Structures are given as structure tokens and as C-alpha cells.
Amino acid sequence: MITGEMVKLRAIEPADICQLWEWMQDEETMRFRDFPAPPSSLKETEAEYQKSIGKRLENLRLAITTMDDELIGEIALRNIDQRAGTADFVIAIGNKAYWGHGYGTDATRSLMTYAFSQLNLHRITLFVHAFNSRAIRAYEKVGFKNEGCMRQSQYMDGGYSDVLVMGLLRDELFVESSGRKFDAAA
């Protein structure tokens, strides 16, 4: 378990899967995710989560809970390459009551600290819709930098949307809102 200031990150349990699947059916929630289209059934979602459990070396997929153990979303490092020290990052706060209150920022910071200190990664990459200003602000608070724009790369709402590529290097992680940098030796 990884503990932040506001959230805990833990293994996804079978009891979580139905709630996670319900959030994937919500159009507003899915609008902000860079995940592929959701599976069409709860059974396919359960199979997908079971498959990801056996691939812990390549993917780390965790539930996000409040300190009171209320499930509010999921977070993951995908395509972990230990040799290169890289991974891709995704997060989704499915419970909309927790949007815009710092839970996503805390979850992101907590997982990045773990990725750099325990997995010894060097670089994390993420993709975010250019219109998702709330997520972009959260990523920047943690230390992510905008590295470029994939122009009109996603088709949605009858038009094309830009997707930003953001990256975070080990020595760029802000571990506190005060701006203190991450120190792997600490």
C-alpha cells in the first residue's frame, strides 16, 4: 500500500471491479481518460483486471481510496521498462464528488514518489487532452512538463482534439506543494 496525505493506493480487489466498470460507462468520466474504449461488459472488465494482475512487472494498476477506504478511482503505471527506467502514467478519479479537491494530485504525487524511489524509474510519460485544464494543473503541481502537442489526434464530440504529451524526470518531482524537490536518497 502507498499512502499519501489524502489518499491510499492499494491493490485492486475483486469487490472494486463492478464500481470501476460503472465509472467506465459514464460519458463524462470517460471523456477525460486516455484509456482505450472500455470493455463492453462487466465480464470482460473482470477478465481484463485478472489479466493485469499477472503482469505486475509491466503494469502496476492500483485502486485510489480516501483515508477512510472509500474507493474513488484508479491509477496505473503502464509499459514499465526497468532497463530504460521508463513508464507511462494514467489516472482516473471516477467518483465525481472528489474531482477538483486535490485527491488526484495527491495520488499522482504518491505514485510518482513510489515509482522513483522503489521502482528506480527515471522518467514517466503521460498523455492528456489539451482541454483538460484541471488535470494539466494537477500534473504541473507534481512537476510534469509539457513536452509537446499531438495535434488533432483524438476524435470526439464530432471533432478532433489535441493531446498533450507531458513528462516527469526523477529530479523534477515536487514532493510537497511548497515546491521541495524529490530526493531519492532521503
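From a predicted model like this one, the values you see are computed outputs, not experimental measurements.
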- [ ] Keeping the roles fixed (side chain from Asn146, backbone from Met166), state whether a donor-acceptor pair exists under 3.5 Å.
- [x] no

Task: Step-by-step side-chain contact (heavy atoms from CB on, under 4.5 Å) determination, Leu111 to Ile124 - done: CA-CA 11 Å; Leu111 186 58; Ile124 310 290; over 6 Å; no

Open item on the list: Would you compute the distance between atom CD1 of Ile75 and atom OH of Tyr114 and round it to the nearest 0.5 angstrom?
Closed with: 12.5 Å

Task: Student check: side-chain heavy atoms of Leu77 and Met112 closer than 4.5 Å - done: yes

- [ ] Please check if the side chain of Asp106 supplies one atom and the backbone of Met6 the other of a donor-acceptor pair under 3.5 Å.
- [x] yes

TODO: Would you indicate whether the side-chain heavy atoms of Asp162 and Gln152 approach each other to under 4.5 Å?
DONE: yes

Open item on the list: Can you tell me how far apart CZ (Phe89) and CZ (Arg123) are? Round to the nearest 0.5 Å.
Closed with: 14.0 Å

Open item on the list: Could you check whether any side-chain heavy atom of Leu173 comes within less than 4.5 Å of a side-chain heavy atom of Thr113, counting everything from C-beta outward?
Closed with: yes

- [ ] Could you tell me whether the side chain of Ile72 reaches within less than 4.5 Å of the side chain of Tyr103, counting heavy atoms only?
- [x] yes

Task: Side-chain touch Trp23/Ile93, heavy atoms, less than 4.5 angstrom - done: no

- [ ] Please round to the nearest 0.5 Å and tell me the distance separating atom NZ of Lys141 and atom CD1 of Ile136.
- [x] 13.0 Å

- [ ] Using modelled atom types only, decide if a donor and an acceptor are shared between the side chain of Arg170 and the backbone of Leu121 within a distance under 3.5 Å.
- [x] yes

- [ ] Identify whether Leu169 and Ile80 are in the same connected component of the hydrophobic contact network (ILVMFWY, side-chain heavy atoms under 4.5 Å).
- [x] no

Task: Separation between CZ of Phe144 and OG1 of Thr125, rounded to the nearest 0.5 Å - done: 8.0 Å

Task: Pairwise side-chain contact, Val90 with Arg61, heavy-atom cut-off 4.5 Å (strictly under) - done: no

Task: Contact summary for Gly4 and Ser110, nearest pair of heavy atoms - done: CA-OG, 3.2 Å

Task: Between OH on residue Tyr139 and CZ on residue Arg134, distance to nearest 0.5 Å - done: 10.0 Å

Task: Whichever hydrophobic residues join Tyr155 through chains of side-chain contacts under 4.5 Å - done: Tyr160

Open item on the list: Once side-chain hydrogen bond (donor to acceptor under 3.5 Å, both in side chains) is applied, do any residues pair with Tyr98, and if so which ones, sequence neighbours excluded?
Closed with: Glu70

Task: Closest non-hydrogen atom pair between Ile64 and Ala107, with its separation - done: CD1-CB, 4.0 Å

Task: Exam field: side chain Asp16 to backbone Glu13, donor-acceptor pair closer than 3.5 Å - done: yes

Open item on the list: If I compare all heavy atoms of Ile91 with all of Gly104, which pair ends up nearest, and what's the gap?
Closed with: CD1-O, 3.7 Å

- [ ] Look at the side chain of Asn59 and the backbone N and O of Asn79, then say whether any donor-acceptor pair between them is shorter than 3.5 Å.
- [x] yes

Task: Gap between atom CG of Leu62 and atom NZ of Lys8 - 0.5 Å precision - done: 13.5 Å

